[in-house]
Amino acid sequence: MAPSPVRVRFAPSPTGFFHIGGARTALFNWLYARHCGGTFVLRIEDTDRERDSEEALRVLLDGMRWLGLDWDEGPEIGGPHAPYAQSKRSDIYGEYLRKLQNGGHCYEKDGAIWFRVSGKPSQIDDEIRGKIQRLEEKDFVIFRSDGSPVFHFVNVVDDIAMEISHVIRGEDHLSNSSKHVELFRALGHNPPHFAHIPLILKTNGPGKMSKRDSGALIEDYCRRNYIPEAVRNYLCLLGWSPKGDREILPIDEIIAIFDLPEINKNNARFDEKKLAHINGEYLRNMPFGDFYCRAAPILRAAGLLTDSHGETYAKSVLRLCQEKLRELDELPNFCAYFFSESFPKNADALAKFKAADGAIVRVREFLNAIKNEGVGQWNASSIEQLVKSLAAATGRKTGDYIHAVRYAISGQSVGPGFYGMLEILGGNCTVSRLKSFTSNV
RNA sequence: GCCCUCAUCGUCUAACGGUUAGGACACCGGAUUCUCAUUCCGGCAAUCGGGGUUCGAUUCCCCGUGGGGGUGCCA
């Protein structure tokens with residue numbers, strides 16, 4: 001099969017953060033390249049010299065890889081148009097500057113080099129927005145007085161040199177495209193196809209998402225143990241829709257149906273709650289083996305799970321938890337009492353316990369019932385049997401016992417199914433916790 | 001100010017010019033004779049305003065209004 005002529009690029013500048021807006025732009029470029037069987041180029045626009053570039057670049061590359069956005073040409077893998085960092089391409093910029101000078105397209109003023117605009121409106125044919133015309137009225141600087149080239153110039157030069165066919169970027173660049181078209185023409189090239197994608201706006205208040213907004217940084221989701229596929233899936237939904245009342249779908253299907261003209265024109269507000277919901281969907285629907293691999297290290301890091309617990313125990317606990325979670329980071333709080341005697345007691349749960357009529361009496365009754373029965377037969381159904389006959393004997397509801405004992409055992413008012421929870425905790429542990437609870441009240 | 005752009009529930013979105021305007025998040029209610037942060041069921045909730053074009057407009061055109069972006073020797 002002949003390679004697709006589609007070549008797209010993501011051209012971030014390493015600022016030390018991987019902003020969610022940039023990530024979505026990268027994602028849409030990547031999706032389009034993969035959809036077309038084209039090439040996805042990663043180009044680093046590091047024209048700000050004095051910055052901790054190594055560190056900042058790391059954040060970017062790690063974030064891209066975490067999201068599963070692999071590039072075909074770029075840093076660490078090279079390619080036919082290397083180097084892929086603008087700080088290393090000054091020879092090329094000098095060469096293209098000479099072309100402009102030879103064509104009489106620029107002049108010097110105040111030590112800087114200025115581009116002379118044509119005075120004619122530029123037109124772009126945007127894949128999302130249709131034809132857009134704009135007159136670039138004023139000449140603009142392409143080389144600063146310190147000799148460094150500015151964004152508009154290097155951006156266009158590299159798109160020419162790297163044979164970029166489609167420029168997919170944020171709508172904040174729409175007004176810039178008249179500058180860029182002028183540069184393409186002056187350099188003797190037709191401009192590429194453009195696709196200006198909508199911006200991601202703050203959840204509340206005016207303006208687009210900024211680094212400071214909650215949820216704005218990809219590396220935070222990584223740190224918070226979000227599922228990268230879930231974050232990526234959510235990002236797909238900002239400005240694009242798979243239609244057919246579907247939202248959560250595997251990336252291969254998204255790649256198959258993704259296309260530029262279907263991208264929305266209007267900006268989208270970021271919604272962290274919906275992201276959390278989608279993360280929960282991914283978490284609960286993933287195979288248990290995958291869930292265990294992600295969850296166990298978190299419990300270890302929290303100092304809860306140790307070698308003494310054993311893998312079988314850890315797995316049975318986590319199997320119980322998987323179906324309840326929205327975020328992996330909730331896990332330590334959610335199940336600490338399975339691993340430690342010094343588990344936290346939830347304040348609301350305590351309030352409920354105190355408010356419940358005779359809760360402590362129920363706990364004592366339950367403890368006595370266990371003592372009478374013994375813990376020889378200790379499994380979910382035997383515990384259920386025990387609770388039911390106890391309730392029948394005292395004329396209470398099973399819930400009266402369950403709620404009270406749940407708090408006594410776990411310090412929580414919510415959690416996994418009661419009978420399964422006690423089975424896994426074990427009869428001896430249950431008894432000893434209830435003893436110490438009743439004697440300390 | 002000037003230039004560009006956009007406009008469906010609170011939010012993300014769907015709807016060849018003909019639909020009771022659909023789905024999802026959030027929120028509210030109910031069920032799961034044990035909780036809920038799971039699951040299921042139900043509810044609330046939208047075509048920015050005004051003119052056209054048309055038998056018929058969320059959809060096409062114009063004008064307002066509102067939002068967003070640009071207007072740097074930032075990217």
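Chain letters run A, B, ... following the sequence lines, proteins first, then strands; residues in each count from 1.
- For Arg9(A) and A75(B), the CZ to P distance is 14 Å, given to the nearest whole Å.
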Pick out the pairs of N or O atoms, protein on one side and nucleotides 10-12 of chain B on the other, that lie under 3.5 Å.
from: C12(B); atom 1: OP1; to: Arg269(A); atom 2: N; distance (Å): 2.9
from: C12(B); atom 1: O2'; to: Leu237(A); atom 2: O; distance (Å): 3.0

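- With P as the reference atom, C48(B) and C4(B) are 23 Å apart, rounded to whole Å.
- Look at the C1' atom in both C2(B) and U19(B): the space between them is 43 Å, to the nearest Å.
- Remark: P of U5(B) and CG of Leu201(A) are 18 Å apart, rounded to the nearest angstrom.
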Please produce a list of atom pairs where a protein N or O lies less than 3.5 Å from an N or O of nucleotides 29-35 of chain B.
from: C34(B); atom 1: OP2; to: Thr398(A); atom 2: OG1; distance (Å): 2.4
from: C34(B); atom 1: O2'; to: His403(A); atom 2: NE2; distance (Å): 2.9
from: C34(B); atom 1: O2; to: Arg406(A); atom 2: NH2; distance (Å): 3.2
from: C34(B); atom 1: N3; to: Phe418(A); atom 2: N; distance (Å): 3.2
from: U35(B); atom 1: O2'; to: Ser413(A); atom 2: O; distance (Å): 2.8
from: U35(B); atom 1: O2; to: Gly415(A); atom 2: N; distance (Å): 2.8
from: U35(B); atom 1: O2; to: Gly415(A); atom 2: O; distance (Å): 3.3
from: U35(B); atom 1: N3; to: Arg406(A); atom 2: NH2; distance (Å): 3.4
from: U35(B); atom 1: N3; to: Gly415(A); atom 2: O; distance (Å): 2.7

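- G68(B) atom P lies 16 Å from atom CD1 of Ile200(A), rounded to whole Å.
- On the P atoms, C61(B) is 11 Å away from C6(B), given to the nearest whole Å.
- OP1 and OP2 of A75(B) both lie 4.0 Å or more from every side-chain N or O belonging to Arg43(A).
- Salt-bridge annotation for Glu365(A) and Arg362(A): present, with a side-chain N of the basic residue lying under 4.0 Å from a carboxylate O of the acidic one.
- The CG-P distance, from Leu249(A) to A14(B), rounds to 14 Å in whole Å.
- Note on Ile132(A): only backbone sugar-phosphate atoms sit closer than 4.0 angstrom, heavy atoms only; bases stay farther off.
- Remark: A7(B) base-pairs with U65(B); criterion is Watson-Crick or G-U wobble with both hydrogen-bond distances under 3.5 Å.
- Using a 4.0 Å heavy-atom cutoff across all strands shown, Gln322(A) reaches no nucleic acid atom at all.
- A salt bridge is defined here as a Lys NZ or Arg NE, NH1 or NH2 lying under 4.0 Å from an Asp or Glu carboxylate O, and Glu323(A) with Arg284(A) fails to meet this definition.
- Look at Glu253(A) and Lys243(A) and you find no salt bridge, because none of the NZ, NE, NH1 or NH2 atoms lies under 4.0 Å from a carboxylate O.
- Atom CZ in Phe17(A) sits roughly 20 Å away from atom P in C74(B) (whole-Å rounding).
- Within the 4.0 angstrom heavy-atom criterion, no nucleotide atom of any strand lies near His196(A).
- Taking the six-membered ring where tryptophan is involved, the planes of Phe288(A) and Tyr292(A) are tilted, since the angle between them lies from 30° to 60°.
- Among the heavy atoms of the strands lying under 4.0 Å from Ser241(A) are primed sugar atoms or P, OP1, OP2 only; no base atom is included.
- None of Leu42(A), Asp159(A), Ile168(A), Asp158(A) except one satisfies the side-chain contact (heavy atoms from CB on, under 4.5 Å) rule with Arg9(A); the exception is Asp159(A).
- Following rounding to the nearest Å, Lys265(A) (NZ) and U8(B) (P) show an atom-to-atom distance of 12 Å.
- Atom CZ in Phe140(A) sits roughly 15 Å away from atom C1' in C74(B) (whole-Å rounding).
- For Phe151(A) and C73(B), the CZ to P distance is 14 Å, given to the nearest whole Å.
- Using a 4.0 Å cut-off, some side-chain N or O of Arg144(A) falls inside it from OP1 or OP2 of C74(B).
- Between the side chains of Ser382(A) and Gln377(A), not a single donor N or O lies within less than 3.5 Å of an accepting N or O.
- Comparing U13(B), A75(B), G68(B) by their nearest atom to the side chain of Glu45(A) picks out A75(B).
- Across all strands, Asn155(A) comes closer than 4.0 Å to no nucleic acid atom at all (heavy-atom distances).
- Aromatic ring orientation, Tyr221(A) versus Tyr226(A): perpendicular (interplanar angle above 60°, classes split at 30° and 60°).
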Let me check something: any side-chain donor-acceptor pairs from residues 227-240 of chain A under 3.5 Å, sequence neighbours excluded? List them with distances.
from: Arg232(A); atom 1: NH1; to: Leu67(A); atom 2: O; distance (Å): 3.1
from: Asn233(A); atom 1: OD1; to: Leu249(A); atom 2: N; distance (Å): 3.2
from: Asn233(A); atom 1: OD1; to: Tyr282(A); atom 2: OH; distance (Å): 2.6
from: Asn233(A); atom 1: ND2; to: Glu247(A); atom 2: O; distance (Å): 2.9
from: Tyr234(A); atom 1: OH; to: Asp271(A); atom 2: N; distance (Å): 2.8
from: Tyr234(A); atom 1: OH; to: Asp271(A); atom 2: O; distance (Å): 3.4

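- If you check every strand for non-hydrogen atoms under 4.0 Å, Glu330(A) touches a base.
- The same atom, C1', is picked in C9(B) and in A45(B); the two are 5 Å apart, to the nearest Å.
- Annotation: of the two residues near RNA chain B, Phe143(A) and Arg134(A), the 5′-most nearest-nucleotide partner is Arg134(A).
- Contact check, Arg284(A) against A37(B): no side-chain N or O comes under 4.0 Å of OP1 or OP2.
- When all heavy atoms of Ile424(A) and Ser316(A) are compared, the pair lying nearest together is CD1-O, 3.3 Å.
- A salt bridge links Lys202(A) with Asp213(A): at least one charged nitrogen is closer than 4.0 Å to a carboxylate oxygen.
- Using N1 to N3 plus N6-O4 or O6-N4 for Watson-Crick, or N1-O2 and O6-N3 for G-U wobble, each under 3.5 Å, C2(B) pairs with G70(B).
- Taking the P atoms as reference points, A37(B) lies 10 Å from C28(B), given to the whole Å.
- When heavy atoms are screened at a 4.0 angstrom cut-off, Arg129(A) is found touching the sugar-phosphate backbone but no base atom.
- Distance from the side chain of Asp245(A) is smallest for G23(B) among the nucleotides U71(B), G23(B), A24(B).
- Spacing between U8(B) and A21(B) at atom C1', rounded to whole Å, works out to 8 Å.
- Here Lys202(A) does not reach the OP1 or OP2 of G68(B): none of its side-chain N or O atoms lies under 4.0 Å away.
- Salt-bridge formation is detected for the pair Glu384(A)/Lys388(A): a Lys NZ or Arg NE/NH1/NH2 atom is positioned less than 4.0 Å from an Asp or Glu carboxylate oxygen.
- The same atom, P, is picked in C41(B) and in A26(B); the two are 15 Å apart, to the nearest Å.
- Within the shown strands, C28(B) is the pairing partner of G42(B) under the Watson-Crick or G-U definition, both distances less than 3.5 Å.
- Ion pairing between Glu76(A) and Arg58(A) holds under the 4.0 Å rule for side-chain N and carboxylate O.
- C27(B) and U47(B) have their P atoms separated by 24 Å, with the value rounded to a whole Å.
- Base pairing of A57(B): no nucleotide in any strand meets the Watson-Crick or G-U wobble criterion (both distances under 3.5 Å).
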